[in-house]
Amino acid sequence: MNAGEQAYLVGLALAGRRVVVVGGGTVAQRRLPGLLAAGADVEVIAPVVTPAVEGMATARELRWTARTYRDGDLADAWYALAATDDPQVNAAVGAEAERARVFCVRADDAPAGSAVTPAVGVHDGLTVGVLAGGRPRRSAAVRTALVEALRAGVVPADDDAEPVRPGVALVGGGPGDPELITVRGRRLLARADVVVTDRLGPRDLLDELGPHVEVIDATKIPYGRAMNQARINELLVEHARAGRFVVRLKGGDPYVFGRGFEEVLACAEAGVPVTVVPGVTSAFAVPAVADVPVSHRGVAHEIVVVSGHVAPGDPASLTDWPALARLRGTLVLMMAVERIEAFADALLAGGRPAETPVAVVQDGTTRIQRTLRTTLAAVAADVRSHEIAPPAVIVVGPVAGLVDGPVSE
């Protein structure tokens with residue numbers, strides 16, 4: 001392809017068709033997932049490949065021929081990629097492809113190939129490909145901007161001939177930062193007629209909703225105002241039965257102490273279809289942004305996540321606190337601010353050392369995030385003196401002491 005020539009952008013139906021990739025380095029590694037997703041019958045020819053490519057071969061997603069390229073390797077191929085670090089080998093692959101009339105991408109010299117790879121993005125069944133005349137950074141930047149615009153609804157992505165079907169999507173919104181919702185969650189949120197949310201959902205996302213979207217506040221304030229769970233279930237069913245697409249936007253992951261499965265059961269009993277979209281759980285994400293890894297080599301070999309809704313000793317408690325106290329790894333307490341003194345006392349009574357590091361992260365991943373670092377013996381008093389309030393994640397264990405500092409905001 002000569003410089004300045006305009007490429008003809010086309011989608012190739014490669015399912016079940018032979019594709020040859022010569023070279024097993026990082027360039028091949030980047031291109032292979034797309035070829036495999038297209039269903040191509042892929043053979044990689046290279047004496048050495050990256051561990052990721054070897055893993056694909058081990059999993060039988062593709063065939064790896066462990067040798068250098070030979071003339072004739074493109075026999076019966078529909079498409080080829082020359083991706084070695086030797087320009088002469090890539091040129092030989094391109095020459096064979098030209099003779100065999102096989103379209104070939106030259107990773108080292110795009111104009112020398114008979115095909116070029118666009119910057120590709122996918123959104124809601126749409127595949128966006130961008131070519132920028134040999135300027136890959138420009139094509140990648142434009143591709144990213146287009147996909148983000150589609151996800152945000154700035155560029156319409158829906159076909160009115162295919163309306164969203166009524167039903168409920170249970171979407172985990174992540175720990176609070178609107179950028180930490182999953183791609184699928186954000187896409188479904190943009191298509192909602194009704195959004196049932198609460199204060200733990202990423203509230204900044206609500207501002208992106210269209211004016212026609214009805215937002216229902218289902219907030220549960222600890223020991224304060226709250227919408228009854230049964231009423232939330234009823235609202236999901238009522239709106240779905242009225243022909244609307246309902247997104248139940250929850251904080252974190254809907255199945256991690258989020259009562260999400262209760263809502264799924266209510267919809268299932270009413271015959272309402274439900275889509276579940278997992279989310280980034282606050283139990284792990286919030287400590288991470290506060291420089292607290294919930295696991296670390298040589299420091300913690302177990303992670304236990306515990307709900308703080310019920311105090312130790314309460315007949316309704318399902319938690320074996322003496323067993324937790326005997327562990328040496330990481331304990332993550334959710335919704336535990338109000339009862340932190342009781343939890344700390346139970347762990348100390350069970351044998352956890354008083355000097356065990358503790359990190360308390362309030363409003364994690366948001367603009368008002370605060371982090372308190374203390375010890376198990378002092379955590380209850382420190383939480384009160386620093387006026388820590390829900391929502392907060394409390395991490396108990398050696399990992400909480402890997403970074404020093406009392407309080408950061």
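Quick caveat: nothing in here was measured; it's all calculated off a predicted structure.
A distance-only check finds no donor-acceptor pair linking the side chain of R143 to the backbone of V128 [under 3.5 Å]. Between the side chain of E214 and the main chain of D193, no donor-acceptor pair closer than 3.5 Å is present. For the pair R203 (side chain) and P178 (backbone), a donor-acceptor distance under 3.5 Å is absent. Here the side chain of W64 pairs a donor or acceptor atom with the backbone of A46 at under 3.5 angstrom. Of the possible polar contacts, one joining the T50 side chain to the V53 backbone as a donor-acceptor pair under 3.5 Å is found. The main-chain N or O of T117 is never found under 3.5 Å from a side-chain atom of R31 such that the two would form a donor-acceptor pair. In this structure, the side chain of N90 engages the main chain of T84 through a donor-acceptor pair within 3.5 Å. No donor-acceptor distance shorter than 3.5 angstrom exists from the side chain of Q362 to the backbone of R370, with no hydrogens or angles considered. Using modelled atom types, no side-chain atom of T366 and backbone atom of G176 make a donor-acceptor pair closer than 3.5 Å. The main-chain N or O of A40 is never found under 3.5 Å from a side-chain atom of R17 such that the two would form a donor-acceptor pair.
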Should E43 and I45 be marked as a side chain to side chain contact (heavy atoms under 4.5 Å, CB included) after you check the CA-CA gap, both sets of side-chain angles, and the distance that decides it? CA-CA 6 Å; E43 179 181 7; I45 300 174; 3.9 Å; yes
With side chain to side chain contact (heavy atoms under 4.5 Å, CB included) as the test, would you mind laying out the steps for L81 and V19 before giving the verdict? CA-CA 8 Å; L81 173 61; V19 172; 6.0 Å; no
Dump the intermediate steps for side chain to side chain contact (heavy atoms under 4.5 Å, CB included) on W78 and L12, then the final yes or no. CA-CA 10 Å; W78 290 71; L12 297 179; over 6 Å; no
Apply side chain to side chain contact (heavy atoms under 4.5 Å, CB included) to V171 and I181, showing your working. CA-CA 9 Å; V171 175; I181 189 174; 4.1 Å; yes
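C104 places a side-chain heavy atom less than 4.5 Å from the side chain of V93. Between V393 and P287 the shortest side-chain heavy-atom distance falls below 4.5 Å. Between Q229 and E263, the closest side-chain pair of non-hydrogen atoms falls below 4.5 Å. Proximity of Y79 to V105: side-chain heavy atoms (C-beta onward) are separated by under 4.5 Å at one or more points. Contact annotation: the side chain of R30 never approaches that of T26 to less than 4.5 Å [non-hydrogen atoms, C-beta and beyond]. Annotation: side chain of T330 is not in contact with side chain of P293 (no heavy-atom distance under 4.5 Å). For the pair P390/M335, no side-chain contact is recorded, criterion being any heavy-atom separation below 4.5 Å from C-beta on. When side chains are defined from C-beta on, V196 does not count as touching H239, because their heavy atoms never get closer than 4.5 Å.
E302 contributes atom CD, which lies 10.0 Å from atom CG of L324 (distance to the nearest 0.5 angstrom). Distance CG/L327 to CZ/R352: 6.5 Å, rounded to 0.5 Å. Rounding to the nearest 0.5 Å places CG of D204 at 10.0 Å from CD of E179. In this structure, the separation between CG on D177 and CG on D363 is 12.5 Å, given to the nearest 0.5 Å. Taking CG from L206 and CG from L189, the interatomic distance works out to 7.5 Å, rounded to the nearest 0.5 Å. Separation of atoms OG1 (T374) and NE2 (H386) is listed at 7.5 Å; rounding is to 0.5 Å.
Scanning both residues, A192 and V247, for their nearest heavy atoms gives CB-CG2, 3.6 Å. Here the closest non-hydrogen pair linking V310 and A316 is CG1-C, 4.0 Å. Residues G329 and A300 come closest through the heavy atom pair CA-CB, 4.2 Å. In terms of heavy atoms, V280 sits closest to P175 at O-CD, 3.6 Å. Of all the heavy atoms in V237 and A266, the pair that sits closest is CG2-O, 4.0 Å. Contact between V332 and A283 at its shortest, heavy atoms only, is CG1-O, 3.7 Å.
Tested against R248 for a side chain to side chain donor-acceptor pair (under 3.5 Å), the candidates N233, T197, D198 yield a single pass: D198. For the side-chain contact (heavy atoms from CB on, under 4.5 Å) test with L331, the passing option among L376, V358, L347 is L347; the others fail. Among L9, T127, V130, the single residue meeting the side-chain contact (heavy atoms from CB on, under 4.5 Å) criterion with P118 is L9.
Enclosure of atom CG in D85 is not indicated, since only 12 or fewer non-hydrogen atoms of other residues, nucleotides or ligands lie within 6.0 angstrom. No more than 12 heavy atoms of other residues, nucleotides or ligands sit less than 6.0 Å from atom CZ of R135. More than 12 heavy-atom neighbours from other residues, nucleotides or ligands sit within 6.0 angstrom of CZ on F257. The neighbour count for R231 CZ, taken as heavy atoms of other residues, nucleotides or ligands under 6.0 Å away, is above 12. Atom CD of E341 is surrounded by 12 or fewer heavy atoms from other residues, nucleotides or ligands within 6.0 Å.
Here R67 pairs with D73 in a salt bridge; the nearest charged N to carboxylate O distance falls below 4.0 Å. In this structure, D382 does not pair ionically with R373, as no charged nitrogen and carboxylate oxygen lie closer than 4.0 Å.
Below 30°, between 30° and 60°, or above 60°: for F343 and W321 the angle between ring planes is below 30°, a parallel geometry.
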